[in-house]
Protein chains: 2
Amino acid sequence: MLVDFKNMQQRQRANFINSITGYKSANLIGTVDEDNNSNLAVISSVVHLGSDPALLGFVMRPPTVPRHTYENILQTGVATLNHINADIVEQAHHTAARYDREVSEFAASGLDEHYDEWPAPFVAQSKLRIALSFYEEKPLEINNTVFMVMRIERVYVDGVVAEDGWVDLSALDTVTVNGLDSYGKVETIARLPYAKPKTEK
Amino acid sequence: MLVDFKNMQQRQRANFINSITGYKSANLIGTVDEDNNSNLAVISSVVHLGSDPALLGFVMRPPTVPRHTYENILQTGVATLNHINADIVEQAHHTAARYDREVSEFAASGLDEHYDEWPAPFVAQSKLRIALSFYEEKPLEINNTVFMVMRIERVYVDGVVAEDGWVDLSALDTVTVNGLDSYGKVETIARLPYAKPKTEK
C-alpha cells in the first residue's frame with residue numbers, strides 16, 4: 001500500500017515518518033552547563049560511526065529554540081550516553097518535557113545523577129554508560145538539524161562482555177524505540193557468522 | 001565495570017563498539033549502477049532526520065575500497081530502503097558478503113527485485129519499502145566515513161498505519177540489530193503520552 005504521507009496532518013506525519021526508519025536506539029544524554037545545572041534528554045538518533053577511533057553520532061533538533069543539551073555540549077565539550085532499560089522507560093520518556101534551564105530533568109524524572117571520573121553526569125539506573133567528548137558538528141542546512149560527532153572515551157557495563165567483544169543488550173534489559181513514543185524489549189533470534197561470498201570456502 | 005576497549009584486538013573492539021550504541025535499525029538498501037547492475041546491502045545506521053521535509057540519513061563506510069551502494073547513489077541519485085523482517089534475516093545478512101559489481105546481491109542472497117514506479121529496485125519480501133532520492137553527503141574527515149542525507153519520496157507499507165500515523169513495526173515482523181551480527185524481534189512494552197512538565201495540567 002502506497003501511503004500518502006504528504007497530505008497527513010503535522011502530528012500524524014511526524015508519527016509516521018518517525019516510525020518508518022525502523023527500530024531506534026534508546027538513550028539518555030547527560031550534560032551540565034557552565035553554572036553546573038545538570039540536564040538529561042532522551043534521544044533515539046544515536047548511530048555507530050567507527051570503532052577505531054571509537055566514534056558515535058546523533059542528531060540534534062534545530063537550535064532555533066533553547067536546546068540545553070546542544071548548548072551544554074558546546075560549552076563544556078563533554079556529555080554522557082546512558083542506555084534506557086525496561087525499568088526506567090517512563091522516567092526516561094519524561095525527560096522530553098520542556099523544562100527551564102534551572103530545572104534538572106534528573107530531579108524532574110526521578111533518575112539519579114552519578115559522577116564517575118568524568119565532568120558530566122551519568123544516570124545511576126542505567127546499566128551501560130558512555131563518557132563522550134565533542135569532536136565536531138555537521139549542520140544540515142535543509143532543516144537546521146545538527147549532526148554531532150562524538151568520541152567514545154570510557155564505557156561502563158554492568159553486565160557481561162563476551163570473549164569476542166559483543167555485548168548482549170537483552171541481558172541488560174536495554175529497550176528500543178518505535179516511532180516517537182513506543183518502547184519495546186528485544187528477544188535475540190539469531191547471531192550470524194561473518195558473511196562471505198558463497199563460492200568461498 | 002569500566003571496559004578497557006582501547007586494548008582490545010581489532011575484531012573484538014569492533015564487536016564491542018558496535019554493541020554499545022544500543023539497538024539499531026535493520027534495513028536493506030537497493031540500488032542500480034549506470035549499466036543497470038542491481039546491488040543490495042544490509043545497513044544498520046539509518047536515522048530519522050526530519051518529518052517535513054521527510055528526510056533520513058545513514059553512514060557509508062570509507063570509499064577507499066569499492067563501495068557499490070555509495071557509488072550507485074551518486075551515479076543515479078536514487079535508492080530504496082527496505083525493512084528486514086524475521087523471515088529474511090539470513091538472506092539480508094548475506095548481502096554483506098563482498099561480491100563483484102557484476103554479481104547482484106539480490107540473486108546471491110535469494111531475495112527478489114521488485115520495481116514499483118521508482119528507478120531503483122525494492123526487495124519484494126520486505127513489508128515496508130521506501131523510495132529515496134539523494135540530497136547531499138557530509139564527509140566525516142576523522143575516519144573517512146560519509147553521512148548521507150536522503151529525501152523520503154514514497155513509502156509502501158504492507159500492513160496497518162494507525163489513525164495517528166504510527167506504524168507498529170512488531171506487526172510487520174521488522175527486526176533490530178545488536179552489534180554487527182545479532183538480530184532480534186521486538187515486543188512492545190509501552191506507548192507513552194506526549195511528555196509535559198509535571199506542573200502543567
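Since we're looking at a predicted model, the values are computed, not measured. Note on naming: letters A, B, ... go to the chains in the order of the sequence lines (proteins, then strands), and numbering restarts at 1 for each one.
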Taking every heavy-atom pair that is under 4.5 Å apart, which of [options] has the most such pairs with chain A?
options: B:Trp166, B:Tyr194, B:Tyr99; answer: B:Trp166
options: B:Thr188, B:Val155, B:Val161, B:Val47; answer: B:Val155
options: B:Ser45, B:Ala190, B:Gly179; answer: B:Ala190
options: B:Asp168, B:Leu49, B:Val42, B:Asp4; answer: B:Leu49

Main-chain N/O of [Y] paired to [X] side chain as donor or acceptor, under 3.5 Å:
X: B:His93; Y: A:Pro193; value: yes
X: B:Asn82; Y: B:Phe122; value: no
X: B:Arg13; Y: A:Ser51; value: yes

Where on [X] is there a heavy atom nearer than 4.5 Å to chain B: the side chain, the backbone, both, or neither?
X: A:Phe58; result: neither
X: A:Ala14; result: both
X: A:Asn27; result: side chain
X: A:Leu192; result: both
X: A:Phe5; result: side chain
X: A:Val175; result: both
X: A:Val59; result: side chain
X: A:Thr145; result: side chain
X: A:Lys138; result: side chain
X: A:Leu56; result: side chain

Any chance the side chains of [X] and [Y] put a donor and an acceptor closer than 3.5 Å?
X: B:His83; Y: B:Thr174; answer: yes
X: B:Lys24; Y: B:Asn18; answer: yes
X: B:Gln125; Y: B:Asp112; answer: yes
X: A:Ser38; Y: A:Ser104; answer: yes
X: A:Thr95; Y: A:Ser109; answer: no
X: B:Asn37; Y: B:Glu102; answer: no

query = What are the two closest heavy atoms between A:Pro62 and A:Asn143, and how far apart are they?
reply = CG-O, 3.4 Å

ask   = Of all heavy-atom pairs between B:Ala79 and B:Trp118, which one has the smallest distance, and what is that distance?
value = O-NE1, 3.3 Å

note = Taken to the nearest 0.5 Å, the spacing of B:Leu81 CG from B:Ile43 CD1 works out to 8.0 Å

ask   = Just wondering, more than 12 heavy atoms not from A:Arg61 lying within 6.0 Å of its CZ?
value = no

inquiry  = For the CD atom on A:Gln75, are there more than 12 heavy atoms of other groups (residues, nucleotides or ligands in this structure) within a distance under 6.0 Å?
reply    = yes

Please flag which part of [X] lies under 4.5 Å from any non-hydrogen atom of chain A: side chain, backbone, both or neither.
X: B:Ala96; answer: both
X: B:Leu128; answer: side chain
X: B:Glu136; answer: side chain

Name the option with the most non-hydrogen atom pairs under 4.5 Å to chain B; the candidates are [options].
options: A:Glu163, A:Glu117, A:Gln12; answer: A:Gln12
options: A:Val149, A:Asp116, A:Ile152, A:Val46; answer: A:Ile152
options: A:Val177, A:Asp158, A:Val89, A:Leu169; answer: A:Leu169
options: A:Ile17, A:Leu172, A:Asn178, A:Val3; answer: A:Asn178
options: A:Val157, A:Thr176, A:Leu180; answer: A:Val157
options: A:Arg129, A:Arg154, A:Gln9; answer: A:Arg154

